[in-house]
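Bear in mind the structure is a predicted one, so any value in this text is a computation, not a measurement.
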Amino acid sequence: MKLRSFIIALCMSAMLPATMHAGRTMLSARLDTATMMMGSVNTLRLEVVQDEGVKGEFPLLRNFGERGYVTLLNDTIELRSDIKVDTTKVGSGRIQIDYKVPVQVFDSGYYRLPEFVYVAGRDSVRSSRLLLIVRPVNVKADDPISPLSDPAEPENPSIFDSLPDWLVYYWWVILLALLLCSGGWWAWRRYRKEGTILPSRPEPPAYDVALGRLQRLKARKLWESGQEKEFYTILTDILRDYLDGRFGIKAMEMTSSQIMDTLAADRTLRDPRQMMRQILDMADFVKFAMVRPLPEDNVKAFDNAVAFVEATRPVEKPVGEDEGNEEGAPDGGSDAASGAGLNTETKKGGES
Amino acid sequence: MSEPVNIRELNDLIASRSNFLSMIRTGMQRRIVGQKHLIDSLLIALLANGHVLLEGVPGLAKTLAIKTLATLVDAKYNRIQFTPDLLPADVIGTLIYSIKRETFEVKKGPVFANFVLADEINRAPAKVQSALLEAMQERQVTIGEETFRLDRPFLVMATQNPIEQEGTYPLPEAQTDRFLLKVVIGYPTREEEKEIIRQNIAGAADEISAVVSKSEILEVQKIVEKIYIDEKIENYIVDIVFATREPQKYGLNDLEDLIDYGASPRASISLAKASRAYAFLQGRGYVIPEDVRAVCHDVMRHRIGLTYEAEANNIAADEVITDILDKVKVP
């Protein structure tokens, strides 16, 4: 029993130093060179070995402020903020952190750096003190004073180094302006060509539009309610719009006689022209001479309007009809519209 | 409020009272070859109680036309040749001291006539032009302290020569505005020219005599004033006049830089009056858009101010008016 207790006690005492070593933080400090020229940059290397997962820091290097450095020994030694930190695992749950701290001194002399304190968790360690010799620049009293040199060129210049700063910072503004200009130019081209920016929907055939409007006019029963003038105004407007859409005749800006003269240019429109004449003559009487037509006249005018549109309806060509057939087609044909030189081609799409 | 118009009765009245028109046309065509537009313009001005400014090169029967018209109407005719040294008194008259009666007596000028030809009106200074134009507008003349009404009908036909501009006094826009019509006449056709030669070498021209009296003309003028103008026609006239002032609103953006100033309200009035007279010539008691278009160029061409750009591009007022008529919607 005593032997057993002894062995256990011996094992525990053997493990104790290892346990104690595992929780200890170690710090060492050294300079790349102990002798440096004033103004040049030396590197202070701080090497920390500690347990993984424990937060630690150098209180001295906690706050560099706006100046970008901290000073030691009454502002004679400067530790710069562009520190490089490298962490490596060393095994057994331990890590090694290497701090490379740039050091600059602007006064010559012998310096004994203070201890650097590292705080890791609830533990803190101190480094040894380092000696630094800073040598002055050799200046002879009779040396000429050199002028300030120009800003140094970058060692490996890229294309961006040759660009002005505003271009580098605001290139996106220029790109945006170019995109907007391109878009505007495209829209302007399209507007000039198409008359609109947005893609236009194909217009319905003039024939369908006219018949639809005529039916709506009939449904309003205008002349039946004593509004003959309104009736004939709308009736002639429908036919004028139809002439524009169907034949490209700008009838809205033409007088009745001008419309008749234009239609007379095509002899195949002789019969439909007579219908149009009756409508326009009656419309002029009603619109401009305060004439109240008889109901039969109104019915006749409306029927003539429908008949005119029907008579000048575009004829759909059979699929596969070649040009030879078109050339051989007679002028008049059985359908007044089919042979009308004015109406074989429609002005707006969707009618052919 | 105007009394309601019976178009049917008016048409009948016009048919019965317009016979003299064909006689006047026949009479004028016996003396003047061609120039149908000039003859119609004179009749329109006479019926609408307006005046005509005539532009054309010399020798186009301008003087003969108004002289013949005066003969056919049985009216007094005077011609005033405008020259740089003309005085207002030479046009309207003056007071002359009579030694015998020991008093100032009125000496009426040539403006006291029914038909006055103001030949080459732009050759007289502005004060003489103004004297005539005031008489045209007011239809009365004040000489000394006495005011005299001019006899009716009163028609002034002023001529301008478009080619000899040196030493002339161009009529200000405010004064050309007072002419109902500005008629531009051109050369006769080849056939008309041959007919002119035949007529002139044949010897004495045919004698013509009056076919209508002054009182009949005055009655016809009253009939013309009754000719019906529908509100749609009024709107059409207003659209045309407004298109000269605000062309962009009528889709005439191209005219924006060509028109310096548009037509005045007097243009609207003149267009309506001339359209009525034209409707009378057509034997109608109501105005239709054709009537407005028929007289539009003559009524409007001297009422639109063109810019320097238009003149530099040789664009005439007639082209501007044609563009407007082609764009304004017809009722």
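Heavy-atom distances place no part of Thr236(A) under 4.5 Å from chain B, backbone and side chain included. The part of Leu325(B) that comes within reach of chain A is its backbone (N, CA, C, O), which places non-hydrogen atoms under 4.5 angstrom from that chain. Only the backbone of Lys327(B) comes within contact range of chain A, with at least one heavy atom under 4.5 Å from a heavy atom of that chain. Within the 4.5 angstrom heavy-atom criterion, only backbone atoms of Met254(A) (N, CA, C, O) approach chain B.
Atom NZ of Lys232(B) has more than 12 heavy atoms from other residues, nucleotides or ligands within 6.0 Å.
The shortest non-hydrogen separation linking Thr255(A) to Arg293(B) is CG2-CD, 3.2 Å. Nearest heavy-atom pair, Ala267(B) versus Arg303(B), reported as atom, atom and distance to 0.1 Å: CB-CD, 3.3 Å.
Between Phe247(A) and Tyr242(A), the ring planes lie perpendicular to each other; the angle is over 60°, past the 30° to 60° tilted range.
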